[in-house]
Amino acid sequence: HIDSSAQRFAAMNNKLLHCAPIIPQAIMIAMTKRTRTILFLVLGAIFFSLAPLIILYSQGYRFSWNEKQFSKVGAFYLSIIPTRAEVLVNEKSIGKTARVLGTTLTKDLSPGVYSVRVQKQGYHSWEKRLEIFPKQVTEAKHITLLPSNPAFIMLQDNVEAIWFGPNKTEALLQKSNPKNTWTLFFWDVQKNAEYPLLESSRAQDEIWNIEWAQDPDSFLLQIVSQEQQKSFVQTINRKLLESQKTAAESLQASSRLRAPITSRLDYVQTQTGITFPRNVVTFFADNQQVLWLDQAGTLWQQTSNDTQPRRLNEEPFSIETETPYNILAARNEFFLQKREVLYMLNQETRTFEEFFAPFSEMVLSPDAKKLALSTGNEIWLYFFQAEQEQPSRSKGEKLFLTRFSEDIKNLAWFNSYYLLFARGDSIIVSEIDNRDNLNTVELAKFSHPSLFLQEDTKTLLLHTENQILSSEKLLP
């Protein structure tokens with residue numbers, strides 16, 4: 001019985017095996033006849049529909065749902081200090097900047113306006129809305145993040161006034177004494193070491209003016225004592241000062257290096273070796289040249305290599321009696337200040353033209369390509385040459401940057417792309433990239449601070465409430 005069942009089962013298997021190739025063959029015959037044409041047409045339609053999209057994508061096109069059309073993509077390129085900062089585009093993190101260069105490139109972005117934020121723990125964030133254009137890279141190459149709460153330490157106390165030397169690493173300090181007198185100290189900033197130079201003999205004595213020479217080895221000292229002005233040239237011998245064991249020895253040694261002089265004009269003539277005419281209204285001197293304005297309204301220039309002065313303006317500048325004038329120079333451009341109006345010499349016509357008003361102060365950028373100017377509560381920029389980096393600027397462009405309700409003081413450049421200034425009690429750092437909003441941060445707050453940026457150590461010194469404070473390092 002068992003053998004006969006097995007035989008029947010084997011016979012059924014043989015039938016199925018013989019029939020198996022017949023079923024798919026029938027299906028293939030049926031597909032070929034009924035659906036091959038349809039299937040070919042469908043697959044062809046899909047191919048011809050997707051092929052252009054694939055080609056467009058490979059060539060950098062993307063579909064914009066807002067504009068309902070294909071357009072070329074663009075990219076963001078950012079360069080950021082400090083490195084390893086996180087970058088977010090439209091609130092989506094795209095990663096951190098490179099560890100060494102601090103740069104990042106975000107590609108394949110459809111044209112449009114994007115919100116970009118740069119952040120790092122312990123720093124103020126940077127935010128701006130930037131536009132992407134087809135086939136272009138939108139750049140922000142000078143982003144600087146500032147510490148959100150920098151620490152300050154006290155270096156000096158009882159300081160009434162401070163005058164920094166040409167190299168910014170040395171200064172003169174006027175410090176109060178118990179009997180309402182004062183002592184003038186030479187201060188080595190980096191060592192935080194002070195050496196007394198002069199002690200006032202009367203409480204009524206006042207320092208009227210201090211002016212450093214172009215080299216850091218001497219300065220002009222003008223004192224008002226008993227209603228008389230006295231002028232001196234004080235020479236600084238650092239090794240001699242460091243070798244003195246007591247304050248009395250230092251004062252005595254300094255007195256031997258102090259010589260009387262008749263006036264500031266005499267001091268500048270001695271320093272430069274250039275003799276001024278008698279009709280000088282005002283003058284200016286730096287390590288390259290001497291400039292003076294005479295009573296006829298002519299501005300003269302002379303360098304140490306010149307045997308004769310050179311006349312700069314053909315048309316005389318209007319001179320009024322009992323009106324203060326001031327000469328300023330930057331990048332071989334010449335300015336005259338008359339009251340609150342700043343005039344600039346047009347070197348083609350050789351005439352002075354009104355340049356900026358009301359004028360408060362101006363400062364040249366570290367890269368010597370632009371001026372920052374203040375009206376008192378406004379900040380403007382002037383570009384000496386065209387700048388191709390984004391945002392591009394044209395030569396001679398004058399740009400309004402920002403306005404405040406409080407007066408701006410101690411205007412300075414934090415670097416070539418950020419400004420530093422005091423506004424009331426606030427210490428402010430602001431970028432100059434005026435695309436969208438200005439990134440402006442309050443670095444710290446002290447009572448009426450005077451600011452002195454130390455470029456070598458990347459720290460900030462400030463004079464407030466008779467103290468000199470130093471910040472931690474602000475940049476890597």
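Both backbone and side-chain heavy atoms feed into the values below; hydrogens, waters and symmetry mates do not.
- Checking T464, D425, L462 one by one against H448, the side-chain contact (heavy atoms from CB on, under 4.5 Å) holds for a single residue, D425.
- Taking the ring centroids of F335 and F359, they lie at or beyond the 6.0 Å cut-off.
- Inter-residue side-chain proximity for Q385 and R331 is flagged as met; some heavy-atom pair is nearer than 4.5 Å.
- Between F76 atom CZ and Q136 atom CD the span is 12.0 Å, to the nearest 0.5 Å.
- Closest non-hydrogen pair, E442 versus S426, comes out as OE2-OG, 2.6 Å.
- Applying the 6.0 Å contact sphere to NZ of K128 captures more than 12 heavy atoms from other residues, nucleotides or ligands.
- In this structure the side chain of V116 reaches within 4.5 angstrom of the side chain of W126, judged on heavy atoms.
- A donor-acceptor contact shorter than 3.5 Å links the side chain of R84 to the backbone of T97.
- Residues F232 and P260 are in side-chain contact: their nearest non-hydrogen atoms beyond the backbone lie under 4.5 Å apart.
- Summarising the local packing, CD of E127 is surrounded by more than 12 heavy atoms from other residues, nucleotides or ligands at distances under 6.0 Å.
- The two atoms that bring A75 and K107 nearest to each other are CB-CA, 3.9 Å, heavy atoms only.
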> Which is it for K369 and F384 under the side chain to side chain contact (heavy atoms under 4.5 Å, CB included) test, yes or no, and what are the steps along the way?
Replying inline: CA-CA 6 Å; K369 295 180 179 179; F384 286 110; 5.8 Å; no
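- Of the possible donor and acceptor atoms, one in the side chain of N90 sits under 3.5 Å from a partner among the backbone N and O of S115.
- In this structure, K398 forms a cation-pi arrangement with F355, its terminal cationic atom sitting closer than 6.0 Å to the ring centre and no more than 45° off the ring axis.
- The main-chain N or O of F383 is never found under 3.5 Å from a side-chain atom of E397 such that the two would form a donor-acceptor pair.
- Atom CD of Q252 has 12 or fewer neighbouring heavy atoms from other residues, nucleotides or ligands inside a 6.0 Å radius.
- V73 is not listed as a side-chain neighbour of L109, based on a closest heavy-atom distance of 4.5 Å or more.
- Nearest heavy atom pair, residue A203 against residue T181, reads N-CG2, 4.1 Å.
- Minimum heavy-atom separation, I236 to L241: CG2-CD1, 4.1 Å.
- Here OG of S470 is found 5.0 Å from CG of L461. Values are rounded to the nearest 0.5 Å.
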> Hey, mind stepping through L420 and L460 against side chain to side chain contact (heavy atoms under 4.5 Å, CB included) and telling me if it holds?
Replying inline: CA-CA 10 Å; L420 170 72; L460 176 65; 3.8 Å; yes
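- Under the 3.5 Å distance criterion, with hydrogens and angles disregarded, no donor-acceptor pair is assigned to the side chains of N305 and T303.
- Looking at K370 and L399, their side chains never come closer than 4.5 Å, going by heavy atoms from C-beta outward.
- N192 and Q156 share a donor-acceptor pair across their side chains, judged by distance under 3.5 Å alone.
- Among all heavy-atom pairs drawn from W163 and L184, the shortest one is CZ3-CD1, 4.1 Å.
- Between N439 and V441, every side-chain heavy-atom pair lies at or beyond the 4.5 Å cut-off.
- Across all non-hydrogen atoms, the minimal contact from A151 to E472 is N-OE2, 2.7 Å.
- Side chain of E249 to main chain of K245: a donor-acceptor pair is present (N/O by atom type, distance under 3.5 Å, no hydrogens or angles).
- Although no hydrogens or angles enter the test, the distance criterion places no donor-acceptor pair under 3.5 Å between the side chain of R435 and the main chain of R129.
- Residue H142 is tested with Y417, Y418, F414, Y77 for a ring-ring contact (aromatic ring centres under 6.0 Å, His included); the sole match is Y417.
- Within the model, atoms CZ of F164 and CG of L172 stand 10.0 Å from one another, a figure rounded to the nearest 0.5 Å.
- Formation of a donor-acceptor pair under 3.5 Å by the K120 side chain with backbone atoms of T83 is found in this model.
- S93 and E86 share a side-chain donor-acceptor pair at under 3.5 Å.
- Judged by distance alone, the side chain of D286 and the main-chain N or O of Q288 form a donor-acceptor pair under 3.5 Å.
- The line from CD of E206 to CD of Q174 is 9.0 Å long, rounded to the nearest 0.5 Å.
- In summary, the side chains of D205 and S225 do present a donor paired with an acceptor at a separation below 3.5 Å, with no hydrogens or angles considered.
- Remark: D157 does not engage K175 in a salt bridge, criterion side-chain N to carboxylate O under 4.0 Å.
- The backbone N or O of S218 sits nowhere less than 3.5 Å from a side-chain atom of T235 that would complete a donor-acceptor pair.
- Distance check, rounded to the nearest 0.5 Å: CG of L469 to CD1 of I153 gives 9.0 Å.
- A 4.5 Å side-chain heavy-atom check between S79 and L101 finds every atom pair outside the cut-off.
- E353 CD: more than 12 foreign heavy atoms inside a 6.0 Å radius.
- In this structure, a donor-acceptor pair under 3.5 Å is absent between the side chains of Q302 and W300.
- Ring orientation note: the planes of F152 and F446 are nearly perpendicular, at an angle over 60° on the 30°/60° scale.
- Classification of K168 and E455 as a salt-bridged pair fails, no side-chain N sitting under 4.0 Å from a carboxylate O.
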> Hey, mind stepping through Y343 and N313 against side chain to side chain contact (heavy atoms under 4.5 Å, CB included) and telling me if it holds?
Replying inline: CA-CA 12 Å; Y343 298 83; N313 59 315; over 6 Å; no
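- Within the 3.5 Å criterion, the main-chain N or O of L451 finds a donor-acceptor partner in the side chain of N410.
- Looking at Q337, its side chain does come within 3.5 Å of a backbone N or O of R339 through a donor-acceptor pair.
- Defined by atom type and a distance below 3.5 Å, a donor-acceptor pair is present between the side-chain atoms of S231 and Q222.
- Results of the side-chain contact (heavy atoms from CB on, under 4.5 Å) test with L291 over L328, L336, I327 single out I327 as the only residue that passes.
- Ring geometry for F276 versus F283: interplanar angle of 30 to 60°, hence tilted.
- Salt-bridge formation is detected for the pair R117/E91: a Lys NZ or Arg NE/NH1/NH2 atom is positioned less than 4.0 Å from an Asp or Glu carboxylate oxygen.
- Atom CG of N149 and atom NE2 of H124 lie 8.0 Å apart (nearest 0.5 Å).
- Annotation: side chain of T375 is not in contact with side chain of E340 (no heavy-atom distance under 4.5 Å).
- Side chains of T169 and Q190: a donor-acceptor N/O pair is absent below 3.5 angstrom, by distance only.
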>> K458 vs L474, test: side chain to side chain contact (heavy atoms under 4.5 Å, CB included). Steps then yes/no.
In response: CA-CA 6 Å; K458 296 180 174 60; L474 300 177; 5.6 Å; no
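- The pair R264-E211 counts as a salt bridge, with a side-chain nitrogen and a carboxylate oxygen less than 4.0 angstrom apart.
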